[in-house]
Amino acid sequence: MKQLHIEKMLNEKGYIEETIDPGLKLVEEIKRLKKEKNAVILSHFYVEGELQDIADYVGDSLGLAQAAAKVDADIIVFVGVHFMAETAKIINPDKKVILPDLKASCSLAESAPADKFAAFKAQYPDHKVITYVNATAALKTMSDIVCTSANAQKIVDSFPADEKLIFAPDKNLGNYINSITGRSMVLWDGACMVHEKYSVEKIIDLMDKNPDAEFIAHPECEKPVLLLAKHIGSTTALLNYVQSSEAKKFIVATESGILHQMTKACPDKVFIPAPSNDSTCACNDCEYMKLNSLQKLYICLKHEQPEVTLPQDVIEKARIPIQRMLEISK
Ligand code: 13P
Ligand code: SF4
């Protein structure tokens with residue numbers, strides 16, 4: 001009966017709803033449960049600071065996939081979004097992978113349903129497929145290799161110059177890689193709902209008002225935004241850049257969670273979130289990443305649910321392009 005109730009809740013809400021004693025010290029409880037269950041917590045830079053601070057490893061998508069490949073714990077708690085937890089499961093099919101909220105999706109992953117992508121791919125039978133890691137496991141099964149924003153150029157460069165390539169699902173990252181490699185990869189029409197909202201006009205205005213600030217951007221941003229940037233890179237690359245740059249002020253065009261690490265690494269520097277074209281939303285926050293919370297993390301560890309599972313054949317097929325990426329990125 002209890003199991004049925006939990007399953008129903010997971011279908012409807014994506015997480016188990018439970019009243020938590022307000023006196024409970026959540027951080028301490030999470031650490032206790034983690035030890036008791038031999039679990040490891042992997043968090044992405046885009047989740048809330050308190051969820052980054054409790055992690056055994058915090059990083060960008062590449063760092064997290066590499067960390068997942070080294071895990072020897074029994075349970076991986078992925079504090080991020082669903083495609084990241086799927087990747088961890090594909091790399092660790094015998095381990096239990098849990099995600100605090102099953103509905104933590106991604107606009108890029110959702111932009112490329114497997115059936116539509118299969119039809120698209122069929123139009124280019126002589127093309128190899130490079131899939132940005134922000135995609136479903138089903139899409140990865142149709143791919144020759146996976147990449148992240150940190151290694152996309154390296155992965156593309158690993159193909160002969162005359163190889164015909166499809167890049168999916170992020171058209172902005174694909175466009176950017178085309179521009180720096182001189183390729184003309186065929187692009188799937190997907191975008192990140194956070195990175196496509198930045199306003200060029202407002203960024204220029206902010207740069208004018210802060211002439212001492214450097215503007216830095218994630219390659220998921222649109223081309224007009226990237227053209228303004230002093231430095232373009234994955235979240236880890238941006239974090240490294242602010243530490244090595246002599247500038248004291250930065251305008252940052254990526255999800256707001258990274259500001260937590262930037263401020264920790266450089267407490268004497270100022271970080272300004274880049275403005276978006278919609279003043280009515282908290283547009284620098286990824287609504288999916290922000291579905292994670294300390295409460296949901298605690299409940300998820302306690303019940304070891306929601307669990308991310310995949311059919312065996314999907315795991316086997318999707319593992320090949322992921323392993324290729326990990327090999328090249330060593
Ligand atoms: P990285 O983790 O590669 O910087 O990508 C950012 C992102 O959008 C993850 O969802
Ligand atoms: Fe997806 Fe964008 Fe959110 Fe990353 S920030 S999980 S790419 S919607």
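Order of appearance sets the numbers: ligands from 1, and atoms from 1 within every ligand. Here the structure is a predicted model, which is why all the values come from computation and not from measurement.
- For atom 2 (Fe) of ligand 2, protein N, O or S atoms closer than 2.8 Å were enumerated as C192 SG, with waters left out.
- Salt bridge present: E17 and K13 bring a charged side-chain N and a carboxylate O closer than 4.0 Å.
- L297 pairs in a side chain to side chain contact (heavy atoms under 4.5 Å, CB included) with only one of the listed residues (N292, D101, I54, L99), which is I54.
- A distance of 12.0 Å separates CZ of F83 from OG1 of T131, quoted to the nearest 0.5 Å.
- T87 pairs with exactly one of H82, K140, M325 by the side chain to side chain contact (heavy atoms under 4.5 Å, CB included) rule, that one being K140.
- Remark: ligand 1 and T236 share no N or O pair separated by less than 3.5 Å (distance only, no angle test).
- Annotation: E220 places an N or O atom under 3.5 Å from an N or O atom of ligand 1; distance criterion only.
- Under the 6.0 Å cut-off for aromatic ring centres, W188 and F117 qualify, their centroids lying closer than that.
- Within a 6.0 Å radius of NZ in K230, other residues, nucleotides and ligands contribute 12 heavy atoms or fewer.
- To the nearest 0.5 Å, the span separating CG on D144 from CZ on F159 amounts to 5.5 Å.
- Listed by atom number, the atoms of ligand 1 under 4.0 Å from S234 heavy atoms are 4 (O).
- The proximity of Y46 to ligand 1, defined as any non-hydrogen pair under 4.0 Å, is limited to the side chain.
- In this structure, the side chains of Q305 and I98 stay at 4.5 Å or more apart for every pair of heavy atoms.
- With respect to atom 5 (O) of ligand 1, the closest heavy atom belonging to the protein is H218 NE2, 3.3 Å.
- Using a 4.0 Å cut-off to heavy atoms of M84, the atoms of ligand 1 that qualify are 9 (C), 10 (O).
- Proximity to S61 (heavy-atom distance under 4.0 Å) selects the following atoms of ligand 1: 1 (P), 2 (O), 3 (O), 5 (O), 9 (C).
- At the shortest separation from atom 10 (O) of ligand 1 among protein heavy atoms lies N134 ND2, 3.2 Å.
- Distance from atom 3 (O) of ligand 1 to its nearest protein heavy atom, with residue and atom name: S149 OG, 2.6 Å.
- At a 4.0 Å cut-off, not a single heavy atom of Y288 sits close enough to ligand 1 to count as contact.
- Considering backbone and side-chain atoms together, D60 places no N or O closer than 3.5 Å to any N or O of ligand 1.
- Atoms of ligand 1 found under 4.0 Å from any heavy atom of Y132 (numbered from 1 in listed order, with element): 5 (O).
- Here E255 has no heavy atoms under 4.0 Å from ligand 1, in either its backbone or its side chain.
- Between K290 and E255 there is a salt bridge, since a side-chain N of the basic residue sits under 4.0 Å from a carboxylate O of the acidic one.
- For K202, the NZ atom sits in a packed shell: over 12 heavy atoms of surrounding residues, nucleotides or ligands are nearer than 6.0 Å.
- For ligand 1, the polar-atom distance check against T235 finds a nitrogen or oxygen pair separated by under 3.5 Å.
- Residues Y15 and P306 come closest through the heavy atom pair CA-CG, 4.4 Å.
- N210 and K249 share a donor-acceptor pair across their side chains, judged by distance under 3.5 Å alone.
- Note that CD of E307 is 11.5 Å distant from CD1 of I76, once rounded to the nearest 0.5 Å.
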